[in-house]
Number of protein chains: 2
Amino acid sequence: MQKEHNLSKNQKIIFDLIDKSGGPMKAYSILFSVQKKGIKAPLQVYRALDKLVEIGKIHKIESRNAFIACQNSSCQISKATAFSICESCENVSEISNSKLSKYLSNFSDNSGMKYSKYNLEFFGLCKKCKSK
Amino acid sequence: MQKEHNLSKNQKIIFDLIDKSGGPMKAYSILFSVQKKGIKAPLQVYRALDKLVEIGKIHKIESRNAFIACQNSSCQISKATAFSICESCENVSEISNSKLSKYLSNFSDNSGMKYSKYNLEFFGLCKKCKSK
DNA sequence: CTTCTAAATGTTATATTATTACATAATGTT
DNA sequence: AACATTATGTAATAATATAACATTTAGAAG
């Protein structure tokens, strides 16, 4: 049962942009693209991004300082994310593999720490780039 | 068989500082600390950090833009890293769990991509912070 | 429908993180 | 010694992100 989040004006503009782009986008490139829609300042972008991340509509690719629309409909909250990143063309895709997420969600070591969240980034060459 | 890397002057200064700190350090806090040793510019710090990451003496905590000394003697190259991060006190430690690393190193999905590297960051509350 | 509150917005300034470009010096190899 | 590679020094600037403050909008409670 997915909670419906009514996105605000800025949130919707920015989510739609990222979603339509189909890939990761950087904050200042988003800013540039939405200036014609009246969003003028970095903070307006970052605030929308923060909220979108919080509700799981987008995820942050930490190693790239970029944001991508969630490609996994069951992912309501960004608390368990995994991505594959091509180091040549920088293509990013979200990995939704139930075994992997089960394994990591249940992972515990001997530190006595209970993990509530994780982010995993895999790097390599995608099919296309490998065959070049 | 561990390759011996002869660190250069700046690399050694910066590695020693991070190593002795026992935790993650940020680039500009490193810069501040090493100014008395003659390292004056950000680039000098970033260059040393880049090299240290490349040879696996330190790792970058992507979600924190911080660098930590490798706590895992068998880790020559930063190609398979996992960390646990306390979201309250920001304590970070490197996870060395052979099952986990084996699982992730062998992970493959149906994207046809062969992963050569990964970085995993777990978040939660450490023992101390949990009991507060 | 009004009062209250929480969330979102707008705006300016500034902090933090990282790289470009170019010159020089030290180190290792043949 | 000549060459190539790696490291250093320095100035400028680019890219990423937040602080502080004023105002507005949207929901919830009476």
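Below, read A as the first sequence line, B as the second, and so on, with proteins coming before strands; counting in each chain starts at 1.
In this entry the distance linking CG of L31(B) with C1' of dG9(D) reads 13 Å, nearest Å. Nucleotide dT16(D) holds its P atom 13 Å from the CD atom of E62(B), rounded to whole Å. Atom CG of N10(B) is separated from atom C1' of dA26(C) by 12 Å (rounded to the nearest Å). Between Y46(A) atom OH and dT14(C) atom C1' there is a gap of 14 Å when expressed in whole angstrom units. Spacing between atom CZ of F32(B) and atom P of dT16(C) amounts to 13 Å, rounded to whole angstrom units. K51(B) has its NZ atom 7 Å from the P atom of dT6(D), to the nearest Å. Atom CE of M25(A) and atom P of dA15(D) are 15 Å apart (whole Å). The distance between atom CG of D50(A) and atom P of dT9(C), rounded to the nearest whole Å, is 12 Å.
A close approach under 4.0 Å does occur between a side-chain nitrogen or oxygen of S8(A) and OP1 or OP2 of dT9(C). One finds a side-chain N or O of K9(B) lying less than 4.0 angstrom from the OP1 or OP2 phosphate oxygen of dG9(D). Taking side-chain N and O atoms only, N65(A) has a distance below 4.0 Å to OP1 or OP2 of dA17(D). Between Q44(B) and the phosphate of dT8(D), there is no side-chain N or O to OP1/OP2 separation shorter than 4.0 Å.
No donor-acceptor contact under 3.5 angstrom links the side chains of S63(B) and E62(A), judged on distance only. Residues Y115(B) and D109(B) have side chains that bring a donor and an acceptor to within less than 3.5 angstrom of each other.
Between the side chain of Y28(B) and the base of dA18(C) there is at least one donor-acceptor pair of N/O atoms closer than 3.5 Å.
Along DNA chain D, the nucleotide closest to F67(A) and the one closest to K40(B) are compared, and the more 5′ of them pairs with K40(B). DNA chain D is contacted by both K26(A) and R47(B); R47(B) maps to the nucleotide lying nearer its 5′ end (nearest heavy atom per residue).
Distance from the side chain of A41(A) is smallest to dT11(C) among dA18(C), dT11(C), dT10(D). For L43(B), the side-chain atoms get nearest to dT10(D) when compared with the rest of dT10(D), dA20(D), dG10(C).
Aromatic rings from F83(A) and F122(A) are positioned such that their centres are separated by 6.0 Å or more.
Ring geometry for Y103(A) versus Y103(B): interplanar angle under 30°, hence parallel rather than tilted (30 to 60°).
Between K117(A) and E87(B) a salt bridge is recorded (basic side-chain N to carboxylate O distance below 4.0 Å).
Here K60(B) lies in heavy-atom contact (under 4.0 Å) with sugar-phosphate atoms only.
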